[in-house]
Amino acid sequence: MQVETLADDSAVAQRAAAFIAERARAAVRERGQFTLAVSGGRTPWAMLRALATLDLPWAQLQLFQVDERVAPAGDAVRNLTNIQASLLAHVPLPAAHMHAMPVEAADLPAAARDYAAALQRVAGTPAALDLVHLGLGADGHTASLVPGDAALQVTDADVCLSGPYQGHRRMTLTYPLLNRARCVLWLATGAEKREMVARLRAGDAGIPAGRVQSGNAWLLGDRAALA
């Protein structure tokens with residue numbers, strides 16, 4: 001795992017945006033498209049706002065979600081709501097290239113299978129995303145792979161549903177897909193993340209984040225998290 005320490009969360013967001021832009025341009029040169037999956041959070045929304053100011057090959061970018069809460073359209077807790085406000089309202093990404101998790105579906109297990117199929121249509125079989133952005137919870141969770149949840153044991157699907165966590169069920173990418181990504185970009189800010197950052201860097205499989213392969217990973221963090 002490559003590690004960069006930045007001054008604060010704003011610097012982390014700016015560096016992350018530049019990192020994604022670099023990868024996007026390279027992927028389009030090499031393969032004709034760039035497949036990106038993003039997680040939610042305060043620093044990631046700042047990252048997306050910064051990304052919106054950069055010159056990217058938007059027509060060749062395919063955007064996926066790492067996870068999403070089961071909640072109505074437009075709900076403030078939805079990652080999609082924040083992706084729309086932070087990024088989509090400001091860039092010429094083709095509407096068909098925003099692959100929102102179908103968490104409003106009546107049949108959620110079928111919706112998870114449909115999302116896995118969409119990933120395969122865009123990113124190959126098995127699906128291999130160019131870049132997956134992940135966050136790190138103070139409890140060691142990443143995506144919606146949380147301690148003790150059955151989703152941690154899923155090995156035969158790229159997308160699944162988690163149990164209730166902080167008031168909502170979630171749809172989430174699973175370890176098989178995360179571990180096929182060409183690059184994983186971790187963001188971690190704040191002193192409350194310090195212990196879990198250390199465990200992540202040590203490859204501690206006792207936390208959900210520690211089970212994501214680190215050979216193709218970058219960690220961008222502020223001094224508080226990486227001290």
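Everything numeric in this text was worked out from a predicted model, so none of it was measured.
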>> So, taking the atom named CD in Gln14 and the one named CZ in Arg49, what distance separates them when rounded to the nearest 0.5 Å?
In response: 10.0 Å
> Under 4.5 Å between any side-chain heavy atoms of Leu173 and Met101, yes or no?
Replying inline: yes
> Checking side chain to side chain contact (heavy atoms under 4.5 Å, CB included) for the pair Val38/Trp45: CA distance, chi angles, key distance, verdict?
Replying inline: CA-CA 10 Å; Val38 296; Trp45 304 147; 5.6 Å; no
> When Thr189 is tested against each of Leu136, Leu220, Thr43, Val197 for side chain to side chain contact (heavy atoms under 4.5 Å, CB included), which residue passes?
Replying inline: Thr43
> Is there a salt bridge (charged side-chain N to carboxylate O under 4.0 Å, His left out) between Arg78 and Glu104 once you walk through the steps?
Replying inline: CA-CA 11 Å; Arg78 288 277 300 271; Glu104 300 156 47; 3.2 Å; yes
>> Return the NE2 to CD distance between His168 and Glu68, rounded to the nearest 0.5 Å.
In response: 10.0 Å
>> Tell me whether Leu51 shares a hydrophobic cluster with Val28, the cluster being built from Ile, Leu, Val, Met, Phe, Trp, Tyr side chains joined at under 4.5 Å.
In response: yes
>> Check whether Asp222 reaches the backbone of Val12 with its side chain - one donor and one acceptor, N or O, closer than 3.5 Å.
In response: no
> Given side chains that start at C-beta, do those of Asp67 and Met171 come closer than 4.5 Å, heavy atoms only?
Replying inline: no
> With a 4.5 Å heavy-atom cut-off, do Met98 and Leu80 have their side chains touching?
Replying inline: yes
> Rounded to the nearest 0.5 Å, how far does SG of Cys160 lie from OH of Tyr115?
Replying inline: 13.5 Å
> In Å and rounded to the nearest 0.5 Å, what is the CD to CG distance from Gln166 to Asp139?
Replying inline: 7.0 Å
> Side-chain heavy atoms under 4.5 angstrom apart, residues restricted to Ile, Leu, Val, Met, Phe, Trp, Tyr: same cluster for Leu226 and Leu134?
Replying inline: yes
> So which heavy atom on Ala225 is nearest to which on Ala188, and how close?
Replying inline: CB-O, 3.6 Å
> Do the side chains of Arg169 and Val103 get nearer than 4.5 Å, heavy atoms only?
Replying inline: no
> If only atom types and distance count, is the side chain of Arg211 paired as donor or acceptor with the main-chain N or O of Leu152 below 3.5 Å?
Replying inline: yes
> About how many Å separate CZ of Arg25 and CG of Leu56, when rounded to the nearest 0.5 Å?
Replying inline: 5.5 Å
>> If you apply the rule salt bridge (charged side-chain N to carboxylate O under 4.0 Å, His left out), what do you find for Asp9 with Arg42, and how did you get there?
In response: CA-CA 9 Å; Asp9 56 353; Arg42 182 172 54 86; 2.7 Å; yes
> Given the rule that I, L, V, M, F, W and Y join up when any side-chain heavy atoms are under 4.5 Å apart, are Leu88 and Leu48 in one cluster?
Replying inline: yes
> Which heavy-atom pair separates Ala143 from Val66 by the least distance, and what is that distance?
Replying inline: CB-CG1, 3.4 Å
>> Tell me whether the count of non-hydrogen atoms from other residues, nucleotides or ligands lying under 6.0 Å of CG in Asp107 goes above 12.
In response: yes
> What do the steps show when you test Val122 against Gln33 for side chain to side chain contact (heavy atoms under 4.5 Å, CB included), and what is the final call?
Replying inline: CA-CA 9 Å; Val122 173; Gln33 72 171 6; 3.9 Å; yes
> Would Arg223 and Glu4 satisfy salt bridge (charged side-chain N to carboxylate O under 4.0 Å, His left out), going step by step from the backbone distance to the final call?
Replying inline: CA-CA 10 Å; Arg223 294 189 184 116; Glu4 290 187 25; over 6 Å; no
> Only one of Thr172, Leu119, Thr174 forms a side chain to side chain contact (heavy atoms under 4.5 Å, CB included) with Val159, so which one is it?
Replying inline: Leu119
>> Using side-chain heavy atoms (C-beta onward) and a distance below 4.5 Å, is Val184 in contact with Asn179?
In response: no
> Would Leu145 and Val154 show up in the same hydrophobic cluster when neighbours are defined by side-chain heavy atoms closer than 4.5 Å?
Replying inline: no
>> Please evaluate residues Gln65 and Ile83 with respect to the criterion side chain to side chain contact (heavy atoms under 4.5 Å, CB included), reporting the C-alpha separation (whole Å), side-chain torsions for both, the decisive distance (0.1 Å), and the verdict.
In response: CA-CA 9 Å; Gln65 292 186 265; Ile83 291 170; 4.1 Å; yes
>> Measuring only between side-chain heavy atoms, which start at C-beta, is Gln120 closer than 4.5 Å to Pro126?
In response: no
>> My understanding is that only residues two or more places apart in sequence, or in another chain, count here; which of them pass salt bridge (Lys or Arg N to Asp or Glu O under 4.0 Å) with Glu192?
In response: none
>> If you compare all heavy atoms of Gly135 against all heavy atoms of Trp186, which two are closest, and at what distance to 0.1 Å?
In response: O-CZ3, 3.4 Å
> Given side chains that start at C-beta, do those of Val91 and Leu87 come closer than 4.5 Å, heavy atoms only?
Replying inline: yes
> Of the non-hydrogen atoms in Ala85 and Ala89, which two are nearest, and what is the gap between them?
Replying inline: O-CB, 4.4 Å
> Are more than 12 heavy atoms from other residues, nucleotides or ligands located less than 6.0 Å from atom CZ of Arg201?
Replying inline: no
> ring-ring contact (aromatic ring centres under 6.0 Å, His included) with Trp218: which residues, sequence neighbours excluded?
Replying inline: Phe19
> Is Tyr165 linked to Ile207 within one hydrophobic cluster, defined over Ile, Leu, Val, Met, Phe, Trp and Tyr using a side-chain heavy-atom separation of less than 4.5 Å?
Replying inline: no
> Can Leu185 and Val132 be said to form a side chain to side chain contact (heavy atoms under 4.5 Å, CB included), step by step?
Replying inline: CA-CA 6 Å; Leu185 176 63; Val132 174; over 6 Å; no
> Does Pro164 offer a backbone N or O that forms a donor-acceptor pair with the side chain of Arg170 under 3.5 Å?
Replying inline: no
>> Side chains of Ser144 and Ser162: any donor to acceptor distance under 3.5 Å?
In response: no
> Is it true that Arg69 and Asp75 have a side-chain N and a carboxylate O under 4.0 angstrom from each other?
Replying inline: no
> At what distance, to the nearest 0.5 angstrom, does CG of Asn216 lie from CZ of Arg180?
Replying inline: 12.5 Å
> If only atom types and distance count, is the side chain of Tyr175 paired as donor or acceptor with the main-chain N or O of Gln213 below 3.5 Å?
Replying inline: no
> Taking all non-hydrogen atoms of both residues, which atom of Trp58 and which atom of Pro94 are closest, and how far apart?
Replying inline: O-CD, 3.5 Å
>> Parallel, tilted or perpendicular, judged at 30° and 60°: which one describes the rings of His99 and Phe64?
In response: parallel
> Any idea which heavy atoms bring Pro109 and Leu161 closest together, and the distance?
Replying inline: N-CD1, 3.7 Å
> Going by heavy atoms in the side chains, are Gln60 and Phe34 under 4.5 Å from each other?
Replying inline: no
>> Is it the case that over 12 heavy atoms from other parts of the model lie below 6.0 angstrom from the CZ atom of Arg31?
In response: yes
